[in-house]
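Here the structure comes first, spelled out in structure tokens, and everything after it is commentary.
Positions are given from 1 along the sequence.
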Amino acid sequence: MKLSKTQAQNSFKYSWLLKRVFPYIKPVMGRAVLGACVALPVGMLDGVVAFALKPYMDYVVGKHDLIFNFMGHQFDIPYMALAMAIPFAVVLFAVIQGVLRYLNTYLTDWVSQKITNAVKIDLFKKLVYMNSSFYDENPSGIIISRFLNDPDTASKNLVDKCKNIIVSLFGALSLIAVMLYSSWKLAIVGVCVLCIAFIPVALIRKRVKKASNQNMVVNGNITTNFNETYSGNKVITAYCLQDRQDSLFESQVHQSFDINMSLVKRTGWMSPLMYFIASIGIAIVLFYGTSLIMKGEMTAGSFASFVTSLLLLYKPVKTLGNTLTSIQSIFVALGRVFELFDIQPEIADRENAVVLNDLKDSIRFNDVCFSYTEDKEVLHHINLEVQKGETIAVVGNSGGGKSTLVNLIPRFYDVNTGSITIDGVDIRDITLDSLRKHIAVVFQDNFLFTGTIRENILMGNSDATEEELQEAIKSAHLEEMLSELPDGLDTVLGERGTTLSGGQRQRVAIARAMVRKTPIVILDEATSALDNKSEAVVQKALDNLIQNKTVFVIAHRLSTIKNAHRIAVINEGHLVELGSHDELMNIEHGQYKMLYEMQFKNQEVLA
């Protein structure tokens, strides 16, 4: 599945999205609700200043004492006391609001981080179990963008925007309440105008979705460019490709800029339009309010309180409008996140899959056909049986399907037609975990993880004893190398193990395969990238690894091939010849004989 082609089809099904995200909210529901409760007074306290203006204007400025009845008693508050109390009350409410804002921010960030982390953990769990074909089809940048950036955008920002909605909404409601208290007639006018101002928000959903998807693809490509520049730095330097990489990055940045500016061009008119509509509302209120004051239906204090509320109301309304606009992007990201959860690995355990306990008899390829894409078949009707304890060398022309053949055994890919069986059981009917625990693979370019050499070796078998670890180190000829390192086994490797030479990395990988103690070993051109000296040491380590094992070896080294029990010649995806070295050399005009004379004869002379 190509991630760049997905379109977040469910991004506007809000109830569906909230239902999917609820399991991540549920564990933190207590703090989420507490944060929402704190957000209520944070918003409602916005109306305090506007409400305070009415008594201040009517009593303090008008020099009238406040007289009111409460529970049958009359109270008289001098206007000078109000002049002192109201400012202090405003400051006190501001302090309370500040404390509540801090608590609300802390709770919101705590909840959003917890939700984001939970989503990321589950997505990463999904990622590590994806098939090889998934990584073949998707660039690293798109994968990073989808599995790392989208959860941040979706989960973290969703909680933050929900907090903003609550604060803005209750701030608006408190101010509307002050407006209604001051004059219900003017309040109707003001609220109707503000409702009209929200219409533009509903018109931009699809534009936000399209731009968000396009930007995800471009940002993913930018990340891929960074990854390739880092990993391919020597090739870039050797072939003077700096200008090419720079030009590619520059074009990607400009493309991202064009997409963002396209969105701004299509949505930027919303804020000015809301300003315009709000200004019309304020003009109507000023005109109508003056008329009410002239008729004696409204005091100057009530009018001042109303106008202040209306002006203050524009801030939460504008915030609410911008939040609703931003939340469209969040829902698009949320839709993309749950698209990832819905991706099902093509290679998975069948129902009632059996556990493989050991290789007892043989591995068989039964009329196996395979293709990476529908239009080009790579392997054609392969029939091959390998007995337990047999070493079979796979040779042939470059790109002929050798690596593909051995990659089918641990089910990196599944056959299109035919079957591969172990002791007569189709490997698709065996649990993936038990199948792969019986296979050790040494690749041409073995990946070492950031960490110590000890940790990298024990990745083959975390339960290996210290004795088994030392035995693997000895068999992999790592003792001399470790003795030269300051921290020995506990030497920390850099990313991809680049602090070691190619031969050293291969021997660490061989030790990792040795502690695995599997009955089946696959060597995929494990020495082809090494110089002669390194190759000789690594070959000795490989010889120790494959003792008493069933071995599939793709090799360019003549001694490895000649020592194999049989040699399978793969040419253009066909198994064209099968037999020992001597048997194949006796075939006149045979494929192996031709290959030997072109590639291997010089090795024999030099030897």
ask   = Nearest 0.5 Å, what's the CG-CG distance between L575 and L384?
value = 6.0 Å
message = Measuring from atom OG1 of T518 to atom NZ of K549, what distance do you get when rounded to the nearest 0.5 angstrom?
response = 5.5 Å
query = Does the E468 side chain pair with the main chain of R516, one donor and one acceptor, at a distance under 3.5 Å?
reply = no
note = Tightest non-hydrogen contact, residues L17 and F338, listed as O-CE1, 4.1 Å
task = Could you tell me the separation between the CD atom of E385 and the CZ atom of R566, rounded to the nearest 0.5 Å?
result = 7.5 Å
ask   = Going by an N to O cut-off under 4.0 Å, is there a salt bridge joining D122 and K126?
value = no
message = For the CG atom of L435 and the CD1 atom of I430, what is their distance to the nearest 0.5 Å?
response = 5.5 Å
message = Check whether Q470 reaches the backbone of E467 with its side chain - one donor and one acceptor, N or O, closer than 3.5 Å.
response = no
ask   = Can you find a side-chain donor-acceptor pair between N366 and S419 that sits under 3.5 Å?
value = yes
inquiry  = Please check: side-chain N/O of S462 versus main-chain N/O of L458, any donor-acceptor pairing under 3.5 Å?
reply    = no
inquiry  = If you compare all heavy atoms of N131 against all heavy atoms of P345, which two are closest, and at what distance to 0.1 Å?
reply    = OD1-C, 3.4 Å
request  = Check whether any side-chain N or O of N407 sits under 3.5 Å from a backbone N or O of F412 as a donor-acceptor pair, and report yes or no.
outcome  = no
query = Has the side chain of E577 got a donor or acceptor atom that lies under 3.5 Å from a matching backbone atom of L584?
reply = no
ask   = Charged N to carboxylate O under 4.0 angstrom, D433 versus R436?
value = no
query = Is D487 salt-bridged to R454, going by a charged N under 4.0 Å from an acidic O?
reply = no
request  = Check for a donor-acceptor pair, side chain of E390 on one end and backbone N or O of Q387 on the other, with a separation under 3.5 Å.
outcome  = yes
query = Does the D423 side chain pair with the main chain of L359, one donor and one acceptor, at a distance under 3.5 Å?
reply = no
query = Would you call D152 and K120 a salt bridge, taking side-chain N to carboxylate O under 4.0 Å as the test?
reply = yes
inquiry  = Would you say Y592 and H581 are linked by a side-chain donor-acceptor pair, where the criterion is simply a distance under 3.5 Å?
reply    = yes
ask   = Does a donor on one side chain and an acceptor on the other come within less than 3.5 Å for D524 and S403?
value = yes
ask   = So, are D358 and K360 salt-bridged, with charged N and O less than 4.0 Å apart?
value = no
request  = Establish, yes or no, whether a centroid distance under 6.0 Å links the rings of F370 and Y413.
outcome  = yes
query = Do we see a donor-acceptor contact under 3.5 Å between the side chains of N117 and Y24?
reply = no
query = Measuring from T391:OG1 to F552:CZ, what's the distance to the nearest 0.5 Å?
reply = 10.0 Å
message = Whether the side chain of S434 engages the backbone of L356 through a donor-acceptor N/O pair (distance < 3.5 Å, no angle test) should be reported.
response = yes
task = Write down the atom of A511, the atom of L478, and the distance for their closest heavy-atom approach.
result = CB-CD1, 3.8 Å
key: Distance (rounded to the nearest 0.5 Å) between D361 CG and I422 CD1   = 11.5 Å
inquiry  = I'd like to check the ring pair (Phe, Tyr, Trp, His ring centres under 6.0 Å) partners of H574; sequence neighbours left out, ordered by chain and number.
reply    = H380
inquiry  = Has K402 got a side-chain atom pairing as donor or acceptor with N397's backbone, closer than 3.5 angstrom?
reply    = yes
key: Main-chain N/O of S371 paired to N416 side chain as donor or acceptor, under 3.5 Å   = yes
